[in-house]
Amino acid sequence: MLEKLRNIWGLMRGQRLLYVSAVLALVVSAAFMYVPPLIRMWVIDYVIDNKPIPAPSIILRIINFIGGTSVLAANLWIAGVVMMLATCLSGLFTYLKGRWTAVTAEAVAKSIRERLYDHLQHLPAKYHDKADTGDTVQRCSSDVETVRSFLADSAVEGGRGIIQLGVGLPVMIWVNPTMAIASVVLMPVIVGFSVVFFMLVRHKFRLSDEAEGAMTTVLEENLTGIRVVRAFGRGDYESLKFAARNAEYRRRWSGVIRLFAVFWSSSDWMCMMQVAIVTITGAYLLAADWGKPGGLTAGGFIAFLTFVHLFMWPIRQLGRLLADLGKATVSMDRIFEILRQQREDNCQANPAEAPRLTGDLSVEHLWFSHDQAPILRDISFRIRQGETLALLGPSGSGKSTLVNLLLRLYDYHEGSIRIDGMELREVDRKHARSQFGAVLQEPFLYSKTVRDNIRLGAHSADDHSVAEAARMACVDDTIREFDKGYDTLVGERGVTLSGGQRQRVALARAVLSDPPVLILDDALSAVDTRTEAMILDALRNRRGKRTTLLIAHRLSTLMQADRILVLDGGRIVQDGTHERLIGVDGLYRRLWNIQSSLEEDLRAE
């Protein structure tokens, strides 16, 4: 628990002084709250009842200077004014406490969100492969909000009772030690009950948060794939699936609510019992000590009835404090589960300060696996600057895995990849990735304008450069046909564009960044053959020809490459030009014959 509190305290760096000031303001506010009942006690006992005032000599001189207690009795409004002034000052410091805690909590929440977002940007691909998007979103939103709410409200408000008891206990002992003991006799029971409640509710909060994360994941997946759901008529199934997750979340949260119901009802009963103990004890002492010097006075009895309410009901909030502390610690655990993940190493260099590479690639005896059977087995090849290398092979043969290694999304541990003679593992990740322009199998477009999506890799590019890249990707004419042209919003994940349009916009984005190496990972699969041929011609003839790595299943896409590598089972089984490979028996010729016969059949129809 102390470690979790230290984690929260660590996240408050830069806001600690303001938060401590808020706590001090609460202490001052609590002190002023004890002034009105003390004044009422003095007025009843020493002004109206005219008992001797047990006060220091300096106080007695002041009272005598203003005319004695008779003057105060004739001007009781003075006591009322002082009580109003004390109440106003208490309210002022309560306002300062609320303002300062709110400012601190919002600043801490902002810091946590930014830290989480930045950390997620630098986590390895393996983490994102296994993480649930919905659960991650909940950790970055709901869990951060739980911590913010705890700092803004629960932590200080829950501690109000403790502070008021700490401020008031010396005052109560000074007024009457016996009544002071009677006023706190049930405190250990209430505190112990709150601690037990905290231990129970913390576990239930974790189960509830996990159930909510699972429900959010189902919702996020359904909304993302809503077209697939409708295309396969799976709406009813998805509704039942969500209903099951929702029911599980409701069941877990109902357990929390039932525990709260037991706690609040029990703590209410104990608080009322404490008030009853003070009332009975006070009545007994008042009757037994009436008229005796040093005994409980009528004003003291009334003051104690006020005292016990001042700290008892805030002490009752100790349960809320511990409950919210339980929620906050669970949320902190979930937040720190992300923050404790190891970031990608070697990510700090500034690409602007690193040399631009030319695109000469060399792969030697490369092996790679995802902690299972090897995906790539002893891969070796060389691409010289400006060459186009094509990769062909059945699904699962390792083509996309090789692309991921080039982009340093994963690290290889056996073999070598060199770019311009430098080992890729020794090149800063950010700089290495800036040397590649990749159009992946599933192009991702942001919910922005077409222009902003194309500019993603080159923010300073002017409109002419954007249009030139779009023309090279054979999408300029299509974009200009839109109502708003390049200012057209493409919707989330580019949903308003067709598959071919998305691929061509993604290709224009890669071309605009003008990388030394261009990677097309099945990037033209949704484009018709005529448009595909135009795009490939434009790429071959572009000024300052770049190294190109081309992956496709359509052999017409690959036949113009300088070299073609055929992969099967993670190995290179064939290597050569189209003319050479078509002339020898092997996987390439078999695929060529199959695709050629299919095209002939289609033309015949």
Side-chain angles (χ1 to χ4, degrees), residues 21-102 156-157 159-177 179-180 183 275 278-279 282-283 285-286 289-291 293-315 317:
S21 299
V23 174
L24 294 176
L26 181 58
V27 172
V28 176
S29 173
F32 276 116
M33 290 180 69
Y34 279 91
V35 172
L38 286 175
I39 291 178
R40 282 197 298 269
M41 181 187 73
W42 277 50
V43 168
I44 293 172
D45 291 339
Y46 308 117
V47 176
I48 297 176
D49 201 20
N50 203 25
K51 285 185 173 67
I53 301 176
S57 58
I58 186 171
I59 300 295
L60 295 176
R61 290 195 190 98
I62 294 174
I63 294 175
N64 292 328
F65 177 77
I66 63 175
T69 56
S70 59
V71 174
L72 294 177
N75 297 275
L76 289 178
W77 60 269
I78 297 176
V81 170
V82 175
M83 292 169 63
M84 289 178 58
L85 180 62
T87 303
C88 290
L89 289 174
S90 176
L92 172 63
F93 281 98
T94 299
Y95 163 77
L96 292 176
K97 178 272 302 179
R99 179 179 177 84
W100 290 341
T101 53
V156 177
E157 285 301 318
R160 177 188 289 273
I162 299 174
I163 292 174
Q164 288 185 332
L165 179 61
V167 171
L169 191 57
V171 175
M172 291 188 292
I173 293 174
W174 172 71
V175 173
N176 190 291
M179 285 294 292
S183 298
V275 174
V278 171
T279 303
L285 293 177
L286 192 62
D289 297 341
W290 188 263
L296 181 66
T297 64
F301 178 51
I302 294 172
F304 267 101
L305 290 177
T306 305
F307 291 156
V308 75
H309 282 90
L310 279 177
F311 68 80
M312 178 53 62
W313 296 108
I315 282 289
Q317 297 298 315

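No hydrogens, no waters, no symmetry mates; every other heavy atom, side chains included, goes into these values.
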To the nearest 0.5 Å, how far apart are [atom1] in [X] and [atom2] in [Y]?
X: W100; Y: L26; atom1: CH2; atom2: CG; result: 11.5 Å
X: M33; Y: T306; atom1: CE; atom2: OG1; result: 10.5 Å
X: L92; Y: T87; atom1: CG; atom2: OG1; result: 12.5 Å
X: R40; Y: I302; atom1: CZ; atom2: CD1; result: 8.5 Å

Check: V28 and L24 side chains under 4.5 Å, non-hydrogen atoms
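No; the side chains remain at least 4.5 Å from each other.
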
Quick check: do V35 and M83 have side-chain heavy atoms less than 4.5 Å from each other?
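No, every pair of side-chain atoms sits at 4.5 Å or beyond.
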
Between N176, I173, V278, which is the residue that forms a side chain to side chain contact (heavy atoms under 4.5 Å, CB included) with S183?
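Filter result, single survivor: V278.
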
Where M172 and F304 come nearest, the two heavy atoms and their spacing:
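In terms of heavy atoms, the two residues are closest at O-CZ, 3.4 Å.
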
Using atom types as modelled and distance alone, determine if a side-chain donor or acceptor of S90 lies under 3.5 Å from a backbone N or O of A86.
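Flag not set: sc S90 to bb A86 has no pair under 3.5 Å.
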
